[in-house]
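Each remark here refers to the structure printed beneath this line.
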Amino acid sequence: MLNEIVNKNLNRIESDLNEIIGLKSIDFFDVFPISEEHKIKLDEELAQISTLLQETERGNVYCLNNPIKTKYGDLKYIKIRFFDESRLNWEAAADFVVEDRNILLNRVGKDERYKYIERPDWDAVEFKTKDTLIYFLNPLASEVYTRNK
């Protein structure tokens, strides 16, 4: 089920990803379950194929034992979110690494699809359309979870 969700969503956002200058690789993947039952099934699947790294207020973060191979590189870190009806537009959100995040930061305020988000421990450029939800984080989620292992 997980491989299918990852590949379907990466294919769905491919045309938007082609617009991103200096796109390097996938870093992290957030799955938004479509129901509470769906969340339980995803967590059960991940319990078999990964290590639980962290339980957060938004869901469980896992490190896959065997990364999922994608056209954007190997995906190791996945969060299964708690069911949230406000996220039903998107089945998932992917985080990517770019060569120069300043290029994306410069689009904030000039292109309505780009938004800057700042939190105490991180900041992000969000790229959002009706079909696409992509993030470019600082620090990268993979760096945070590698440090915290």
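What's counted below: heavy atoms across the whole structure, side chains too, no hydrogens, waters or symmetry copies.
- Between the CG atom of Leu46 and the CG atom of Leu2 there is a distance of 5.0 Å, given to the nearest 0.5 Å.
- For Asp74 and Lys69, the salt-bridge test passes: some basic side-chain N is under 4.0 Å from an acidic carboxylate O.
- Salt-bridge annotation for Glu112 and Lys128: absent, with no side-chain N of the basic residue lying under 4.0 Å from a carboxylate O of the acidic one.
- A donor-acceptor contact shorter than 3.5 Å is absent between the side chain of Glu91 and the backbone of Asn9.
- In the hydrophobic clustering of ILVMFWY residues, with side-chain heavy atoms under 4.5 Å counting as a link, Leu133 and Phe29 come out apart.
- Within 6.0 Å of the CD atom in Glu36, the count of heavy atoms belonging to other residues, nucleotides or ligands exceeds 12.
- Here the closest heavy-atom approach between residue Phe82 and residue Thr56 is recorded as CE1-O, 3.4 Å.
- The CG atom of Leu104 sits 8.0 Å away from atom CG of Asp100, with the distance rounded to the nearest 0.5 Å.
- When all heavy atoms of Ser50 and Cys63 are compared, the closest pair comes out as CB-O, 3.0 Å.
- Among residues at least two apart or in separate chains, ring pair (Phe, Tyr, Trp, His ring centres under 6.0 Å) pairs with a member in residues 102-123 are Tyr114-Phe127.
- For the pair Tyr62 and Ile80, the minimum side-chain heavy-atom distance is below 4.5 Å.
- The existence of a salt bridge linking Glu99 and Lys24 is excluded, since no basic side-chain nitrogen approaches an acidic carboxylate oxygen closer than 4.0 Å.
- Clustering ILVMFWY residues whenever any of their side-chain heavy atoms sit less than 4.5 angstrom apart, transitively, puts Tyr77 in a cluster other than the one holding Val6.
- Here the straight-line distance linking atom CG of Asn106 with atom CZ of Arg101 works out to 11.5 Å at 0.5 Å rounding.
- In terms of modelled atom types and a separation under 3.5 Å, the side chain of Arg81 and the main chain of Asp30 share no donor-acceptor contact.
- By the 4.5 Å heavy-atom criterion applied to side chains, Asn66 and Ile49 are not counted as neighbours.
- Criterion: ILVMFWY side-chain heavy atoms under 4.5 Å apart, direct or through other members. Under it, Ile68 and Leu52 are part of a common hydrophobic cluster.
- More than 12 non-hydrogen atoms from other residues, nucleotides or ligands lie less than 6.0 angstrom from CG of Asn18.
- Note that CG of Asp16 and OG1 of Thr132 are 3.5 Å apart. Values are rounded to the nearest 0.5 Å.
- You'll find the side chain of Lys71 stays beyond 4.5 Å of the side chain of Asn7, heavy atoms only.
- There is no path of hydrophobic side-chain contacts, each under 4.5 Å, that joins Phe83 to Ile5.
- The distance from atom CD1 of Ile26 to atom NZ of Lys76, rounded to the nearest 0.5 Å, is 13.5 Å.
- Note that OG1 of Thr70 and CG of Leu10 are 5.5 Å apart. Values are rounded to the nearest 0.5 Å.
- Partners of Arg113 by side-chain hydrogen bond (donor to acceptor under 3.5 Å, both in side chains), not counting sequence neighbours, listed by chain and number: Glu19, Asp111.
- Lys39 contributes no side-chain N or O that, together with a main-chain N or O of Ser35, makes up a donor-acceptor pair within less than 3.5 Å.
- Relative orientation of the Tyr72 and Phe96 rings is perpendicular, given thresholds of 30° and 60° on the angle between their planes.
- Between Leu105 and Phe136 there is no side-chain heavy-atom pair separated by less than 4.5 Å.
- A 4.5 Å side-chain heavy-atom check between Ile134 and Asp95 finds every atom pair outside the cut-off.
- Judged purely by atom type and a 3.5 angstrom limit, Arg12 uses its side chain to pair as donor or acceptor with the backbone of Asp131.
- Contact between Ser142 and Thr146 at its shortest, heavy atoms only, is O-OG1, 2.6 Å.
- Here the side chain of Asp27 pairs no donor or acceptor atom with the backbone of Leu140 at under 3.5 angstrom.
- The hydrophobic cluster containing Val61 does not contain Val97, counting ILVMFWY residues as joined when their side-chain heavy atoms lie under 4.5 angstrom apart, directly or transitively.
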